[in-house]
Every structure is written in C-alpha cells, then in structure tokens.
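One structure is given here, and the rest of the page talks about it.
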There are 2 protein chains.
Amino acid sequence: MNSLEPITELIESEVPDDVSIARVTYEGPELIVYTDTPRKFAENDHLIRQLANEVKKRITVRPAPGTQTDPSTAKPVILDLLPEEAGVTNLGFYPATGEVLIEAEKPGLVIGRRASTLREISQKVGWTPEVFRTPPMESSTVANVRNFLLQERDERREFLEGVGERIHRERTHETEWVRVTTLGCCREVGRASFILSTPETRILVDCGDKPGAEGEVPYLQAPEANPIAALDAVVLTHAHLDHSALLPLLFKYGYDGPVYLTQPTRDLMGLLQLDYLDVAAKEGRTPPYGSEMVREELRHTITVDYGDVTDIAPDVKLTFANAGHVLGSAVTHFHIGDGFHNVVFSGDIHYEDTRLFNGASNDFPRAETLVMESTYGGRDDYQTDQRDSEEKLFELISETHEAGGKVVIPAFAVGRSQELMLVLEEAMSEGAIPTMPVYLDGMIREATAIHTAYPHFLRDELRQRILHEDDNPFLAEQFQQVDGGHDMRERIARDGEQCVILSTSGMVTGGPIMSWLELLGGEPENALMFVGYQAQGTLGRRIQSGRREIPFESRGRRNNELTLRLSVASVSGFSGHADRAGLEEFVRTMSPRPERILCVHGDESSTDQLSSGLYQDLHVRTHAPRNLETYRFD
Amino acid sequence: MNSLEPITELIESEVPDDVSIARVTYEGPELIVYTDTPRKFAENDHLIRQLANEVKKRITVRPAPGTQTDPSTAKPVILDLLPEEAGVTNLGFYPATGEVLIEAEKPGLVIGRRASTLREISQKVGWTPEVFRTPPMESSTVANVRNFLLQERDERREFLEGVGERIHRERTHETEWVRVTTLGCCREVGRASFILSTPETRILVDCGDKPGAEGEVPYLQAPEANPIAALDAVVLTHAHLDHSALLPLLFKYGYDGPVYLTQPTRDLMGLLQLDYLDVAAKEGRTPPYGSEMVREELRHTITVDYGDVTDIAPDVKLTFANAGHVLGSAVTHFHIGDGFHNVVFSGDIHYEDTRLFNGASNDFPRAETLVMESTYGGRDDYQTDQRDSEEKLFELISETHEAGGKVVIPAFAVGRSQELMLVLEEAMSEGAIPTMPVYLDGMIREATAIHTAYPHFLRDELRQRILHEDDNPFLAEQFQQVDGGHDMRERIARDGEQCVILSTSGMVTGGPIMSWLELLGGEPENALMFVGYQAQGTLGRRIQSGRREIPFESRGRRNNELTLRLSVASVSGFSGHADRAGLEEFVRTMSPRPERILCVHGDESSTDQLSSGLYQDLHVRTHAPRNLETYRFD
C-alpha cells in the first residue's frame with residue numbers, strides 16, 4: 001500500500017476543509033476515494049475532475065461505510081428523483097462499496113444533464129449511483145453476466161485491489177526495449193495470440209482457436225509466454241472465437257490476473273465461449289476447459305470504454321478505439337514506457353462505415369508500430385460495394401417471393417446477422433422488397449439483444465435511432481424468434497407464406513441451418529443465399545462449389561442423404577472485414593503513419609501481398625511474420 | 001538406463017562368441033563398451049567400426065576393471081612397444097576406466113600406422129591407450145588444463161554418463177519448428193550469444209563480453225534463454241572473449257550441462273578467461289564470476305574435433321568445421337530433427353588461407369539457414385592484400401633497423417601475434433628484413449605454445465613443417481620471451497641492438513605495451529606499428545588518430561604524461577576476419593547455398609550493407625537482426 005500514501009496525502013491536501021477522506025484504495029486501474037462526507041463531495045461537481053487531473057488517475061468517489069441513509073429510506077428518495085420515463089427496472093444497494101446500482105431502460109434520464117441527477121442522488125442519500133441500461137430486448141447473457149458479477153462483487157473487490165497495487169507498483173526496469181511475440185494467426189487465419197513484452201511487463205493479446213483445425217491452438221508453451229501465471233495482463237480485442245476461445249485456458253494454467261475488454265466484448269465472449277463448449281460436447285470432442293473456467297475468466301474481467309487511457313502496468317497504458325468489425329471490437333493501442341514506444345494492434349477491422357458500426361478509428365497521439373490484420377490482404381481481395389451487394393440480394397429475395405418460395409440465409413450469430421437485419425428492415429420499410437416475416441434461428445436473437453444493451457458501441461445514426469427516437473430497428477415486428485424448436489420450424493416450413501430465415505451456423509457446419517436445409521432444400525422455389533465467407537472444408541463451401549447431394553443425420557428417414565433442389569446463390573459485400581482497399585486506406589490515412597507494420601491474421605499469400613503492397617506504396621518497413629517469432633522495437 | 005538396453009543387446013549379438021561385453025554406458029555423446037576380453041577385442045580391428053556403424057554412434061572400447069595387467073608390469077611392456085623417437089613424457093594408468101594416458105612428443109609414433117600400435121598395447125596389457133601431444137613449447141595452460149581434467153576424471157565420468165543419458169533420452173516432441181534468438185552481437189560487435197531451440201531442445205551458442213562496454217552483456221534474462229539451468233547444451237565457436245567471456249557465468253546461474261568446443265578452444269578459453277578476471281581485478285572492477293567458475297566450466301567441457309558428427313540432443317547433431325579465424329575456431333553446423341532443418345553459425349571466419357590457418361570451410365551436407373558474421377561487412381570494408389601489407393611492414397621495419405631503432409607492435413595474444421611471428425620468421429629467413437631478436441611480451445608466448453600443442457588445427461603446410469620436418473617456425477631462435485618483468489624490458493630498451501617487440505594489449509588499453517611506450521616512446525628512431533583493429537575509445541585508436549601526449553601511471557616520474565616522439569604507422573591486412581569480399585565469397589561458394597541468412601556480429605551499417613548486398617547478389621532472404629529477436633525456420 002506504499003504507493004498510495006503520497007496519493008492519499010495529495011488528495012487530502014487538495015480537498016476543502018469540510019470534506020473528509022476516509023480511505024483511498026485501488027480498484028483495478030481506478031483510484032477509489034472513500035469519503036465520510038459524500039454529500040459534501042457531491043456538492044462540488046468540479047472536485048473529482050480536479051483531483052483526477054492532480055493525481056493523473058481515474059478517480060471514483062464512494063461514501064465510507066455508515067455514512068449513507070438506510071436503504072429502505074433511500075430507495076423511495078432515489079425513485080422520487082428519477083423521472084417516470086427513465087424506466088427503472090432494478091435498484092440494488094451494496095453497503096461494502098456504498099454503491100447503489102440502478103438498471104434502467106433510459107440510463108440517460110437517470111444520469112441527468114452533466115450527471116446532475118447522479119450528484120443529486122449522492123447528495124441526498126450518500127450512496128454512489130452506478131447506472132446500467134436495461135436491454136430493450138431481453139438478453140439472458142447480459143442478465144446472467146451482470147448478476148454473476150454482482151454476486152461476485154465482494155470477492156472481485158479484493159481481486160481489483162490487488163490488480164491496482166500491481167499496476168501501480170514501483171517500476172524496477174528501464175524500458176530498454178519492446179517485443180512482440182507471435183503465438184498464432186501468422187500466415188493463417190485463426191488462433192490470434194500475441195505477447196507484448198517489456199523488461200518490466202508481459203501482456204497477452206487475444207487467445208483464439210482456429211476454426212476447422214481444433215488441434216491448432218496458440219503456442220502458449222513458447223518461453224516468451226511463460227510462466228502464464230506471471231503475465232501482467234490479458235487484453236481481448238473482440239469476442240469472436242478465433243480471438244477468445246482459449247482465453248479461459250489461461251486460468252487453468254494458473255493465470256490469476258485481469259482481462260481487459262469492452263463491456264459488449266465481455267458479454268459476447270461469454271455467450272460464444274459457452275456455445276463453443278456446447279458444440280464441442282455435441283461433436284464428441286473433449287473441450288479444453290469447462291464452463292467453470294468461463295466463470296473464472298468473467299470474474300477477472302475489467303471493462304474499458306473506447307478512448308479511456310488506462311494504466312495496466314507500471315510502464316503500459318491501454319486505449320481501446322472502435323474497430324468497426326463487431327460489437328465492442330477494439331483497435332488496441334499500447335503506450336509504453338512514458339513515450340518510449342507505441343504499438344497498435346488493429347484486431348479485426350472494417351474501415352468503411354457499415355449500417356451497424358462506424359468505420360475503424362485510426363487516429364492516435366503516437367503509433368510507431370502497427371500489428372495489422374490481413375484477412376482480405378490479397379492482391380485481388382476487393383469486395384463488391386455493399387450497395388451493389390444489397391441490390392443483388394433484394395433482387396434474389398424478390399424473385400423468390402414472387403415464386404412463392406422462402407429464402408434461407410446461413411449467418412454468423414454475432415455481427416453479420418445484425419447487419420443483415422438492418423439491411424432487410426430498411427429494404428422492407430422502403431419497399432425495396434416485400435414485407436414478410438424474418439425468422440431468427442440459433443443464437444442470432446440473443447446476440448441481437450446484446451447489441452441493444454450497448455447502443456453506444458453502434459454507428460452514430462443507429463445509436464441515435466435507438467436512444468432518442470424510440471425507433472429501434474431490431475424491434476421491428478417482422479423479426480420473429482424461432483424458439484419452439486423443430487416443431488416451430490416444421491410449422492414455418494409447411495406454412496405457405498413467403499419469409500426470410502436467418503439461421504446459424506454461418507458455414508453450414510451444424511446447428512439449426514441443417515434442419516432448414518432438410519425442411520426447405522427439396523423445393524426448387526426456395527432459395528439458399530450465402531452472404532459470408534465459407535471456409536475450406538465446410539459444408540457451406542461444398543454447396544457453394546456446386547455440390548447438391550448432402551449428408552444428413554436422418555430424422556426418421558431411411559436415407560441419410562438429401563438432394564438439394566432449391567436455388568443457391570452467393571452475395572459478397574457483407575463482410576465484417578475491410579477488403580484490400582480498406583486495409584490500405586486504414587494505413588494510408590492512419591495518423592501518425594506507423595514506422596513498422598506486421599501483417600498478420602491472413603493466409604500466407606494475403607499477408608505477403610499486403611506486406612509488400614504497403615511497403616511499396618507507403619515506404620514503411622513491413623513484415624509478414626511467422627508464428628513463434630519475436631520482433632523487437634526500439 | 002532404458003535407452004541402453006536395446007543397444008547393449010544389439011552389440012552382444014554382433015560380437016563373436018569369444019568376446020565378452022561387461023557393460024555398455026554413455027560418456028557424453030560417446031558409447032563406451034567395457035569388455036572382459038579386451039585382448040580379443042583388440043585382435044579384431046574391424047569390430048569397433050562395425051559396431052559403430054550398427055548402432056550409429058561413436059564407440060570406445062575399454063577393458064572391464066580387473067582384466068588388465070598390473071600397471072607396474074604393464075608400464076615397461078608399453079614403453080617397449082613404443083619407438084624411442086616417440087618421446088614419451090608421461091604415462092598414467094586410470095583403473096576406473098581402464099585407460100592408460102600417454103603423453104608424447106610425437107603422438108603419431110605412439111598411435112602407429114592405422115592405429116596398429118594402439119591395438120597392440122590393448123592386446124598385450126588390456127589397457128586402452130589415450131594419446132596426447134606434449135607441446136614442443138612448454139605451455140602451462142595446456143599442462144594445467146590437462147592435469148585438472150585428469151584429477152577430475154572420476155567426477156567427470158559421472159557427469160558424462162548423465163549427459164549421455166540426456167542426449168539419448170526418448171524424444172517427446174515433434175520437430176515442428178527451429179528458432180534462433182539473438183541475445184547479443186546484433187548490429188554491434190561484442191557479446192556474441194544465441195539460443196537455438198526446437199520443441200525438444202535449447203542450446204546456447206557463445207556467451208561473450210563487449211570490449212569497451214563492460215556493462216553490456218548478453219541478454220541472458222530473455223525468456224527464450226530461461227531457465228538457464230535447463231539448457232541442453234552450450235556450444236562455443238571459439239575462445240575470444242567477445243564469444244566466451246561470460247560463459248562461466250552460466251554455471252553461477254545453475255547450468256550443469258556440457259560445453260562443446262574444440263580442444264584448442266578449451267585451452268585458449270581458460271587462458272583468456274583467467275586473464276579477463278585478472279584485468280578486471282587490476283582495473284578495480286568486480287568481475288562477474290570468480291576463477292572457481294572457470295574451473296567449473298572446464299569440468300563441463302566436451303571436446304569435439306572438426307568433422308565429427310556428434311549427437312548433443314535427441315534431435316540435434318553438432319559438427320564443427322575449420323573457421324580460419326583463430327586456433328580451434330569453428331564454423332558450427334547443427335543438423336536438426338533428422339533432416340528437418342540445418343543451421344550453420346559461421347562464428348568468426350577468415351575465408352582466405354592465412355599463414356596460420358586454412359580458409360574457412362563452407363561445404364556441408366545440408367544447410368538451409370546461415371547465421372553469418374559481418375565484422376567487415378560494410379560496403380567499403382575491403383582489406384589490403386596481405387602481400388602488400390607485408391611489404392609495407394617490411395619496409396617500415398627495415399627503415400627503423402637502418403636508423404638503429406626498435407619496432408614496437410601492439411598485438412592480440414591469440415591469433416594475430418602468431419601470424420606476425422610467421423611473417424617475420426619467413427621474412428628474416430628469406431632476407432626480406434634483417435634478422436634480429438623478436439621479443440614476445442605478455443601472453444603471446446603462452447598462446448603460441450598452445451598453438452604448438454595442436455598442430456592439426458593449423459594450416460596444412462604449417463602442420464606439415466611442424467609434424468614431419470622438425471622445422472617449427474615458432475621455435476626459431478630469434479623469438480625470445482620477455483619474462484624478467486620490468487628489469488628485462490629496461491635491459492632490452494637500453495641495449496643498442498635493433499629488435500622487434502610484440503606486446504599485448506593489442507589496443508593499448510593496458511598490459512606490458514604501456515611499459516614499452518614509456519621506455520621507447522621518447523626516441524624518434526623507434527617505431528610504433530599498429531597491425532590490428534583499434535576500437536573506438538581505446539588509447540590505441542587515439543594514438544592512431546594523431547594524439548602524442550599520453551597519460552601514464554607514473555613509475556617514479558613526477559609527470560604522469562608522456563610525449564611520444566617515436567614514429568607511428570598503421571598496416572592493415574593482418575585481420576583474422578574475412579573482409580567484405582571474403583564474406584561474400586564464403587556465401588557465394590558455400591555448398592549448398594543457404595536459403596536464409598542472418599547477418600550478425602558487425603556494427604549497424606556493416607550488417608545492413610552485408611545483408612542487402614547478399615540479397616541483391618545472391619537472391620537469398622537476408623536479415624540484419626536486432627538483439628532480442630527470435631527468428632523461426634521451417
């Protein structure tokens with residue numbers, strides 16, 4: 001607690017005489033100031049900002065235990081302060097931290113202009129309010145994660161205090177160098193994982209699986225990654241399994257430190273990892289960890305918002321920025337050694353705006369090194385313009401509608417499904433295609449609900465619609481969840497009405513899409529439309545390539561092969577990844593221009609071609625690393 | 001001992017019925033077969049070769065304890081078998097291993113044609129003879145090292161048995177990759193050190209200091225190097241301190257495994273390391289280890305001859321080849337994973353033949369990766385042809401002789417001094433310069449004596465002269481050791497006779513050269529000649545650049561500055577390093593041509609320029625790594 005003494009003294013000397021400081025402590029990267037006079041603190045709305053500037057840390061003020069109004073008295077006072085329209089759905093008091101957690105449909109109305117309502121609450125009852133959004137679509141994931149973390153609140157406080165002390169420990173090494181070690185996703189797509197290290201600190205960035213190659217996991221046994229238990233921090237750029245699937249394994253290997261991520265990444269990660277375990281079990285594989293490790297991981301998460309500069313080690317500051325790829329996805333910036341070096345991991349990015357997200361941020365105070373995704377980095381990886389793609393899609397849907405058929409679209413639950421929902425909702429409301437039911441099967445509805453819980457991570461216009469116009473396109477009535485299992489699917493299939501079905505899995509490797517092919521695949525008036533990447537070795541790719549006889553686990557049928565007679569089409573242009581032009585633009589317009597670029601997360605030719613392309617066009621040093629290499633910077 | 005059972009069975013099944021195998025054991029990389037019937041074994045001179053082919057390992061046969069003739073009886077029998085001219089100087093019996101160690105002036109005569117005499121000894125007395133050369137110049141280093149290892153023989157046997165078991169352990173990892181980590185000497189000269197690793201094995205290659213920058217040691221704290229104690233092997237390419245100085249430190253850090261090197265490298269290393277400790281003590285620095293660590297290191301040495309393919313790990317075979325740089329220096333070839341990959345470390349090389357050594361070998365069964373020295377890799381690093389250099393040297397010496405002056409040459413004890421001795425001896429015998437005394441001061445004589453102990457490591461012609469013509473140029477009578485300390489120096493200085501003085505240190509950073517400058521520097525008829533590289537920051541470089549007032553630790557004088565009045569000249573062309581042309585030729589003529597080259601051991605511009613030069617001329621992938629990087633191969 002040594003490092004806290006000077007800070008405590010500084011704070012005590014800065015506050016007015018009538019404000020009393022009970023205790024100062026760390027909670028992860030944040031400094032928590034407990035005060036015996038919470039109401040006085042709340043009266044002075046500049047005081048916290050002034051203190052934060054003074055100590056150069058993020059500060060949260062909480063009432064010291066025993067200074068608050070009794071919860072039974074406080075609750076009606078708080079509710080009285082909030083407008084009816086705020087839609088409070090939950091109110092919980094946590095005496096250990098002096099916080100009152102308020103979950104509301106309209107958090108903005110709980111917060112008030114410039115947080116005036118929050119301050120008023122503190123002033124009146126002495127509790128510190130923390131506000132969450134009640135998702136407009138009910139999400140069991142969001143509810144479960146939040147409830148779990150609330151249950152674990154006291155245990156987590158101890159953990160966070162320890163993390164804070166470690167982050168703010170005295171530095172014992174000069175920042176003489178910065179190294180990046182590639183543990184995966186080099187000259188391949190999948191198993192994203194890196195070690196970022198300095199003489200003082202080791203940080204793991206991402207820890208994914210390799211879809212279609214279950215045995216190929218990140219090289220966690222590399223000496224640069226060991227001992228795993230002594231890593232300072234784990235940072236997750238986004239929730240997709242090729243970045244997150246093996247993260248819980250770290251806790252099995254003795255890691256006990258923080259996992260930094262955005263709030264939506266935390267919830268989506270939980271959803272996808274539990275599904276990953278389910279799928280493994282269904283396919284008869286032994287998953288590398290159990291669900292208790294997912295809980296262990298959640299217990300260790302520390303969420304960070306876009307733009308918040310956060311100390312995560314004595315010599316490393318982390319800043320997330322929007323990556324445009326998937327909800328909560330982050331371009332991840334590390335500021336190392338007080339300006340010694342800055343490394344940016346692009347994670348997966350989409351450079352242009354999409355309906356769902358703003359395009360990836362590429363503006364940084366400093367950035368000498370860029371570790372860059374290259375999924376579509378190949379010389380010819382130019383995608384169709386999304387407008388053109390949409391027109392093709394509308395045409396195909398309209399034709400099928402006209403023929404009295406149904407459209408089946410295999411889609412990834414997280415990201416591309418929501419983009420398609422927005423495309424279809426707009427097309428129907430504008431009359432570009434006939435209005436008809438859009439059925440959501442698999443995890444799509446749940447993933448969509450998580451999107452509605454975090455509107456601040458969506459594209460400006462979309463957020464605006466959701467927040468201020470009560471015009472949430474995801475809630476449009478044509479979107480209907482398939483939740484009666486196979487019975488409901490059979491009913492929909494038998495029903496004569498035309499419809500669109502969005503169903504997982506996105507590469508036809510299992511899941512409800514199999515039932516849909518069985519139920520609708522035999523009728524030539526129906527249509528199957530691929531809108532996403534179909535990887536080598538998947539059934540989706542085989543159908544795309546012309547195969548029509550497909551194997552089936554027979555469901556009462558004698559024959560377990562099915563002949564597809566429905567029409568099959570592919571529409572590109574809906575990818576969550578920047579294409580070659582987008583990747584180049586990301587770097588070309590990046591401010592400042594990086595001095596060195598490692599092209600990763602793409603197959604061998606893509607990384608090679610992006611690397612030499614960037615070198616030729618921009619004259620920066622570029623590399624296409626292999627797995628298990630270590631690069632040194634400065 | 002599991003891995004020995006099948007080998008023992010194989011050997012037992014291969015030997016004739018009258019040959020009895022008592023025990024089979026490992027001694028480092030070698031297989032030792034103890035027999036109860038040593039005389040029978042010796043009768044069949046093909047048997048050992050046949051067995052070695054069968055088990056694919058080097059085999060040594062020794063008599064089982066108790067089967068030998070009593071030493072007091074055996075000694076006269078052995079001496080009787082050896083010709084008088086063999087010049088036996090020492091004969092020792094080691095009952096634990098059944099060996100008789102014979103040190104002789106002419107080991108060839110002890111061995112006999114096709115080892116016939118050795119076999120005869122075994123047959124007659126049952127002891128296995130091991131033969132050493134008595135250096136024609138007495139060398140305390142050679143004597144001390146040999147005596148020390150003889151004393152430690154029993155303890156070492158246990159160590160070697162353990163090493164053998166570890167080398168031949170069952171492989172538990174597929175050779176999926178090979179990595180090289182740079183711990184030093186990248187974009188700099190000094191602190192050579194690398195880690196070569198596979199999933200099964202970690203090997204440290206070299207561990208040197210950085211002359212003129214004592215604090216800058218190899219990055220042994222890099223995770224790739226740790227734990228040091230668990231390294232499989234240490235390999236030393238040659239004895240110079242920038243490759244060997246910090247090797248004893250490994251034992252302080254808990255390393256307990258083998259150090260592979262050539263015999264001359266072992267002895268020279270001991271000499272230089274002990275001197276390194278002396279110098280540190282004299283300069284008031286705390287050396288990083290004590291002399292007991294040098295002994296510890298010697299205890300762990302395993303010598304390997306040029307060309308012997310040696311198992312040093314379950315998946316790694318080591319082969320040394322002549323590097324032409326300094327006595328015992330080795331181009332070091334690693335054959336990894338049964339042909340998975342081959343890495344060559346050039347160490348320091350001289351490509352052309354010199355008087356002392358054959359030019360560096362560059363012919364390998366396979367070699368995909370080359371880690372290449374770049375000391376003179378710069379665009380303009382072309383050295384004067386040695387013939388031209390010699391003529392310039394002769395001219396300067398003759399002029400000084402004519403003027404009645406004395407020539408002082410600061411020289412490195414190991415390597416360049418011996419080359420100069422050969423140049424001067426030849427010039428005097430051919431009349432190119434007048435015959436006059438050549439005084440050797442500092443470690444030069446001792447280093448020269450070590451050269452004479454290992455004539456097989458010298459250039460073919462020189463070896464021939466020493467071995468077969470009794471015409472050892474190092475023994476020429478004009479070479480005189482300065483061993484009376486300062487008194488003798490004063491006597492030589494006062495003496496009117498012209499002479500040449502070769503004295504350490506080579507960069508005028510201390511040692512007897514300081515006394516010579518004091519004694520001879522004031523007279524304009526004397527000459528100071530630089531023949532080697534003078535590093536930035538050394539007094540040698542300052543004098544070379546024109547400085548004539550030099551500081552002195554006064555020896556009874558009041559003034560501690562001395563004004564040099566003797567003439568100063570520099571003659572290049574005597575380097576132990578290949579120049580740019582030689583480095584290029586080494587690669588251009590290397591068989592097979594490597595696919596990738598790491599240019600190391602040169603300053604930033606030299607490595608950069610060699611790297612891009614080789615890439616442009618030979619179209620191989622080249623790199624100029626930085627320290628603390630890890631490259632992956634295959």
Side-chain angles (χ1 to χ4, degrees), chain A residues 172-184 186-188 194-204 213 215-232 341 369 595-596 598 600 604 608 611-612 621-634, chain B residues 172-184 186-188 194-204 213 215-232 341 369 595-596 598 600 604 608 611-612 621-634:
Chain A
T172 54
H173 296 82
E174 273 295 298
T175 311
E176 194 201 337
W177 44 261
V178 171
R179 310 206 305 165
V180 170
T181 302
T182 55
L183 304 182
C186 287
R187 303 185 180 210
E188 65 182 351
F194 301 91
I195 295 282
L196 173 69
S197 57
T198 73
E200 179 77 40
T201 300
R202 284 186 311 134
I203 296 164
L204 183 85
E216 297 183 23
V217 297
Y219 289 96
L220 291 173
Q221 74 276 29
E224 292 94 323
N226 282 280
I228 297 277
L231 288 168
D232 285 84
H341 200 76
T369 294
E595 295 161 9
R596 277 176 87 177
L598 308 189
V600 303
E604 185 143 8
D608 260 357
S611 167
S612 49
R621 278 183 75 190
T622 62
H623 308 267
R626 309 185 57 190
N627 290 331
L628 276 176
E629 295 194 315
T630 296
Y631 287 76
R632 177 179 167 177
F633 305 103
D634 268 354
Chain B
T172 53
H173 295 84
E174 273 296 298
T175 311
E176 192 201 338
W177 44 261
V178 172
R179 310 206 305 163
V180 170
T181 302
T182 55
L183 304 183
C186 287
R187 305 187 179 209
E188 65 181 350
F194 300 92
I195 294 284
L196 174 69
S197 56
T198 73
E200 179 77 41
T201 300
R202 284 187 311 134
I203 297 164
L204 184 86
E216 296 183 24
V217 297
Y219 288 95
L220 291 173
Q221 74 276 30
E224 293 95 323
N226 282 281
I228 297 278
L231 287 168
D232 285 84
H341 199 78
T369 295
E595 294 161 10
R596 276 175 88 178
L598 307 189
V600 303
E604 185 145 7
D608 260 356
S611 167
S612 50
R621 277 184 75 190
T622 63
H623 307 267
R626 309 186 56 190
N627 291 331
L628 275 176
E629 294 194 315
T630 295
Y631 287 76
R632 177 181 167 174
F633 306 104
D634 268 356

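No experiment lies behind these values; they were computed from the predicted model shown. By convention in this document, chain letters (A, B, ...) are assigned in the order of the sequence lines, proteins followed by strands, and residues within each chain are numbered from 1.
Note that CD of A:E224 is 11.0 Å distant from CG of B:N226, once rounded to the nearest 0.5 Å. Distance check: B:E176 CD to A:N627 CG gives 9.0 Å after rounding to the nearest 0.5 Å.
Taking every heavy atom of both residues into account, A:R632 and B:L628 meet most closely at CD-CB, 4.0 Å. Across every non-hydrogen atom of A:E629 and B:R596, the tightest pair is OE2-NH2, 4.2 Å.
Only the side chain of B:Y219 comes within less than 4.5 Å of a heavy atom in chain A; its backbone stays farther off.
With contacts defined as side-chain heavy-atom distances shorter than 4.5 Å, the pair B:R179/A:P223 qualifies.
Atom CD of A:E174 sits in a sparse spot, with 12 or fewer heavy atoms from other residues, nucleotides or ligands closer than 6.0 Å.
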